[in-house]
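All remarks here apply to the structure that follows.
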Amino acid sequence: MMRLVSAALVAVGISLIGWWAGYMLFGGVFELLRARDLDAALDSPRTLALFQYAGAAFGIAIGSLVAWRCHRAEPPRPFWGVYLLAALGGLGGFALSQATEIAELAATYLRISKDTYILISILSMLVMLIAGCIWVLATETRAMPTGIRVAHGTGTVVLALALVIFGFAASKPGADAARNLGRPATGWANIRFPSGSVAQPDVKSITAEMRTPIGVTRAVPNEWRQEHGRPVLAVMIDFKLRTRDRLLVLTLPDRPPLVFKPPFPANPAAKFGYGPWLRMDGFMNADGTIRPATAGDDYAIRYMVNR
């Protein structure tokens, strides 16, 4: 019975690795297609779930094969094999703690604070991880002295924790992509004016548009501020029209419309903090053509993309 439970824990641990692999694969494919404006087909939580469950199913298949061989084979095993099996058992315990959502059950039936909820969640995952390691190790090292088994147990718990940390780190690109699936990006543009600009018209008199071949969306001038002695206008923008062929056109009452071309793909990724200052692209003529900016046109823009 102990060996059967041990094999099941190992199988569940490998399925968790498959789940992480699905996350990693989704993140890599999504970002690759995003750069080529081909990510629309993947921009859905359902598609992410398909990758995750496919990875978990593949992990279950591999894990079941490993579990079957572990159940049939007789100890002793190679030293590295025992460590690896015990660490995988710890991953299995960790996965079961997440699946059972012990903290969620405690929050449902007990009135607990948010801090208590977080503490219970962390402790339950840690306890289940340690229990999985110890169970598999006890199954595989029954003939060893207790002191050596304790030392090996500490090592396998450390290895299992390292696998958990690596799994979360490796799946971070997928997690970042998943956080904003199906939601259009929004953001801010800071437009820096020449140092000699004294007049700053009321923001209500300024209009801003994001023009594309498939439509126009309104941008919202927000406020003026000073940066290093130069006026800067903050404008709220959005990227809900899915094309990289965009022009941000800013119309002020005292000068020709300013034109900026955002350097983003059709579905830009979130960008925490502002990027570098970029030169203005030109001015909009009355007939709709664009007069390119010259070296003397000291306007610049920088962007921040939110989700």
Side-chain angles (χ1 to χ4, degrees), residues 1-24 52 55-56 59-60 62-110 112-172 175:
M1 181 64 182
M2 283 190 66
R3 297 191 65 196
L4 186 60
V5 174
S6 175
L9 284 170
V10 171
V12 174
I14 295 177
S15 73
L16 177 61
I17 294 175
W19 179 273
W20 286 334
Y23 236 147
M24 293 166 56
Q52 289 175 308
I60 281 285
I62 299 298
S64 298
L65 177 62
V66 172
W68 178 76
R69 296 194 63 178
C70 289
H71 182 61
R72 288 176 58 89
E74 290 292 334
R77 304 186 199 282
F79 179 76
W80 63 267
V82 173
Y83 258 61
L84 182 58
L85 287 176
L88 290 172
L91 283 187
F94 178 83
L96 290 175
S97 73
Q98 290 189 306
T100 53
E101 296 184 339
I102 297 173
E104 197 69 41
L105 292 174
T108 302
Y109 295 103
L110 303 172
I112 60 176
S113 66
K114 182 178 180 181
D115 291 340
T116 305
Y117 174 88
I118 295 173
L119 180 62
I120 292 175
S121 179
I122 294 173
L123 286 177
S124 64
M125 289 187 290
L126 185 60
V127 167
M128 291 290 284
L129 181 144
I130 294 173
C133 289
I134 291 175
W135 187 283
V136 175
L137 191 66
T139 305
E140 298 294 328
T141 61
R142 281 176 286 184
M144 287 187 180
T146 302
I148 296 178
R149 292 168 72 181
V150 170
H152 288 340
T154 303
T156 56
V157 168
V158 172
L159 178 58
L161 285 172
L163 289 175
V164 169
I165 294 171
F166 175 79
F168 278 118
S171 58
K172 186 179 184 300

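Just so you know, these numbers come straight off a predicted model, no measurement behind them.
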(message) Under the side-chain contact (heavy atoms from CB on, under 4.5 Å) test against Leu85, which residue among Val136, Leu9, Thr156 passes?
(response) Val136
(message) Can you give me the closest heavy-atom contact between Ala87 and Ala160, atom names plus distance?
(response) O-CB, 3.7 Å
(request) Kindly give the heavy-atom pair with the smallest separation between Met125 and Ser97, and that separation in Å. (result) CG-OG, 3.2 Å
(message) So, taking the atom named CG in Leu88 and the one named CG in Leu16, what distance separates them when rounded to the nearest 0.5 Å?
(response) 10.0 Å
(request) Give, for atom CG of Leu96 and atom CG of Leu91, the distance between the pair rounded to the nearest 0.5 Å. (result) 11.0 Å
(request) On the 0 to 90° scale, with breaks at 30° and 60°, tag the Phe168-Phe94 ring pair as parallel, tilted or perpendicular. (result) perpendicular
(request) Could you grab the distance from atom CD1 of Ile17 to atom CZ of Phe166, nearest 0.5 Å is fine? (result) 9.5 Å
(message) If you compare all heavy atoms of Tyr23 against all heavy atoms of Ser171, which two are closest, and at what distance to 0.1 Å?
(response) CB-CB, 3.7 Å
